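All heavy atoms count here, side chains included; hydrogens, waters and symmetry mates do not. Note that the coordinates shown come from a computational prediction; the quantities given were computed from them, not determined experimentally.
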Amino acid sequence: MKFRVERDVLAEAVTWTARTLPSRPSVPVLAGVLLEANSDGTLVLSTFDYEVSARSSVAAEVDEPGSALVSGRLLAEISRALPNKPVEVSVDGSKVVVVCGASRFTLLTMPVEDYPALPDLPDTTGSISGDAFAQAISQVTIAAGRDETLPLLTGVRVEIDGDKVTLLATDRYRLAMREVAWTPASPSVSRVALIRARTLSDVAKNLSNAGSIDVALVENGDIVGFEAGGRRTTSLLVDGEYPPVRRLFPEQTTTHTVTSTAELVEAAKRVALVAERNTPIRLSFSEGQVVLEAGQGDDAQASEVLESTLVGEDISTAFNPQYLLDGLGALDTPFVRLSFTHSSKPAVMTGQDSIDGADHAEEFRYLLMPIRFAS
């Protein structure tokens with residue numbers, strides 16, 4: 001194997017492909033990046049740990065086709081440190097030689113024949129705008145669980161129905177739902193899958209700038225695939241039955257408030273400075289205003305008053321400060337609407353473009369469980 005490639009091209013491809021390498025691989029070869037130089041002038045880099053695979057294809061000047069398996073993290077560090085000149089990579093016996101200008105590195109190879117075959121990418125189910133995908137994922141994954149002992153809650157439920165995709169995530173204390181349009185391969189396509197939140201976040205971060213992302217999801221399959229800009233990644237789905245969380249959203253509410261999103265975010269951040277761990281921010285809504293409070297008794301206390309509209313009876317509630325700020329941060333509208341059925345029942349957060357609510361948008365909904373507080 002012998003090929004030449006631009007330094008930036010190699011560094012970016014190796015860094016992206018090696019990002020999912022396990023820190024403690026079950027077998028040594030899983031710490032490697034597989035390099036395959038093809039006679040058609042493409043260099044393919046691959047990684048796989050039996051759960052997540054990554055493959056990147058870039059253009060290269062290939063003198064001798066072939067393949068080699070080397071330490072992925074070491075190659076990534078070397079490629080980023082090389083001078084900004086063309087890089088020549090070749091195999092010399094049991095070693096890979098990397099030459100760039102006056103720099104020369106020699107890496108030991110691992111047996112290619114011991115490397116597992118990467119899973120095939122399923123047929124494309126549909127495609128989605130990278131920007132829309134990234135926004136939807138960032139809004140929903142904030143509510144996904146972090147506790148690996150509850151793997152079901154670390155996933156995002158993805159429901160595909162024709163040209164609409166619905167994403168749902170919960171950690172039992174809040175629930176996020178986002179509906180987004182996409183272009184299905186078939187207008188009647190229908191799929192349901194549970195995908196790891198970290199996989200979706202990684203795809204949104206690394207593939208969304210490619211313009212459009214192809215999604216591959218086989219009915220009753222066990223993997224999901226994403227492809228964009230010459231890069232593809234697959235991941236095993238989370239196994240299990242997701243709880244029926246959609247029904248937690250109330251069909252109708254009796255009270256709602258509308259407040260400036262930016263003003264509420266800043267006020268909540270200030271008031272939260274005196275909120276001890278696991279203590280809430282209290283919000284009291286009345287005609288024309290909302291009062292935010294935190295702290296009580298002999299502890300530090302804070303309060304702030306904002307303008308806010310109220311439709312319905314006066315209502316007081318309390319939320320975990322971070323969970324409240326997570327939901328507000330996921331909104332991209334100038335106003336936030338909080339809808340209530342009761343002060344002790346979950347509130348539903350949605351966005352609005354105006355104070356009067358005529359353009360109330362529900363593509364993104366965030367359900368937040370209140371915290372009981374002393375009177």
Side-chain angles (χ1 to χ4, degrees), residues 1-23 25 29-49 51-91 95-101 103-110 112 115-121 130 133-134 198-199 201-214 216 225-235:
M1 181 185 74
K2 185 176 182 180
F3 64 86
R4 282 181 299 279
V5 66
E6 293 299 319
R7 177 260 184 191
D8 288 347
V9 172
L10 179 66
E12 186 177 354
V14 175
T15 299
W16 182 84
T17 310
R19 77 198 187 286
T20 59
L21 287 172
S23 56
V29 293
L30 297 184
V33 165
L34 180 63
L35 306 173
E36 297 175 284
N38 301 312
S39 57
D40 62 357
T42 60
L43 171 66
V44 179
L45 303 91
S46 306
T47 58
F48 185 37
D49 66 355
E51 181 177 298
V52 177
S53 77
R55 177 177 291 173
S56 180
S57 299
V58 297
E61 296 179 28
V62 179
D63 293 334
E64 298 177 12
S67 60
L69 183 65
V70 297
S71 168
R73 298 193 188 282
L74 181 57
L75 182 60
E77 292 174 358
I78 290 172
S79 61
R80 289 194 295 266
L82 292 173
N84 191 19
K85 296 181 179 181
V87 183
E88 182 177 284
V89 180
S90 60
V91 173
K95 298 178 181 180
V96 164
V97 180
V98 179
V99 178
C100 181
S103 300
R104 178 186 175 92
F105 291 87
T106 302
L107 289 75
L108 293 177
T109 61
M110 292 178 276
V112 173
Y115 200 71
L118 271 68
D120 294 328
L121 193 70
F133 181 83
R198 66 173 183 268
T199 295
S201 296
D202 179 74
V203 171
K205 176 182 177 182
N206 292 286
L207 295 184
S208 60
N209 59 0
S212 179
I213 300 174
D214 291 337
F226 302 91
E227 185 170 18
R231 296 173 175 176
R232 62 168 61 177
T233 184
T234 66
S235 175

Any donor-acceptor pair under 3.5 Å linking the side chain of [X] with the backbone of [Y]?
| X | Y | answer |
| --- | --- | --- |
| Thr17 | Ala13 | yes |
| Tyr115 | Val33 | no |
| Asp49 | Val52 | yes |

Tell me, please, which residues at least two apart from [X] pass side-chain hydrogen bond (donor to acceptor under 3.5 Å, both in side chains).
| X | result |
| --- | --- |
| Thr47 | none |
| Arg80 | Thr15 |
| Ser201 | none |
| Glu227 | Arg232 |

Nearest heavy-atom neighbours spanning [X] and [Y]:
| X | Y | value |
| --- | --- | --- |
| Met110 | Val29 | SD-CA, 3.9 Å |
| Ser208 | Ala204 | OG-O, 2.5 Å |
| Pro83 | Ser103 | CD-OG, 3.7 Å |
| Ser46 | Arg55 | OG-NE, 3.6 Å |
| Met1 | Ala37 | CG-CB, 3.8 Å |
| Val99 | Gly101 | CG1-O, 4.1 Å |

Within the 4.5 Å heavy-atom criterion, are Leu108 and Val70 side-chain neighbours or not?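 Result no, sub-4.5 Å side-chain heavy-atom pair not found.
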Please name all residues satisfying salt bridge (charged side-chain N to carboxylate O under 4.0 Å, His left out) with Glu88, sequence neighbours left out, ordered by chain then number.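 Applying salt bridge (charged side-chain N to carboxylate O under 4.0 Å, His left out) to Glu88 gives Arg4.
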Please list, chain by chain and in numerical order, all residues satisfying salt bridge (charged side-chain N to carboxylate O under 4.0 Å, His left out) with Asp202, sequence neighbours excluded.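 Asp202: salt bridge (charged side-chain N to carboxylate O under 4.0 Å, His left out) contacts with Arg19.
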So does Asp40 have more than 12 non-hydrogen atoms from other groups sitting under 6.0 Å from CG?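 Atom CG in Asp40 is packed in, count exceeds 12.
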Under the criterion side chain to side chain contact (heavy atoms under 4.5 Å, CB included), I'd like the reasoning laid out for Leu82 against Phe105: C-alpha separation, chi angles, the key distance, then a yes or no. CA-CA 10 Å; Leu82 292 173; Phe105 291 87; 3.7 Å; yes
State whether Glu12 and Arg231 are salt-bridged, where the test is any N-O pair (Lys NZ or Arg NE/NH1/NH2 against Asp/Glu carboxylate O) under 4.0 Å.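 Yes.
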May I have the step-by-step check of side chain to side chain donor-acceptor pair (under 3.5 Å) for Thr234 and Ser53, ending in yes or no? CA-CA 5 Å; Thr234 66; Ser53 77; 2.4 Å; yes
Using the side chain to side chain contact (heavy atoms under 4.5 Å, CB included) rule, take Val112 and Leu34 through it: C-alpha gap first, then chi angles, then the decisive distance, then the call. CA-CA 8 Å; Val112 173; Leu34 180 63; 4.0 Å; yes
Reference residue Cys100; test side chain to side chain contact (heavy atoms under 4.5 Å, CB included); the match among Asn84, Ile78, Val87: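 It is Val87; the other options fail the test.
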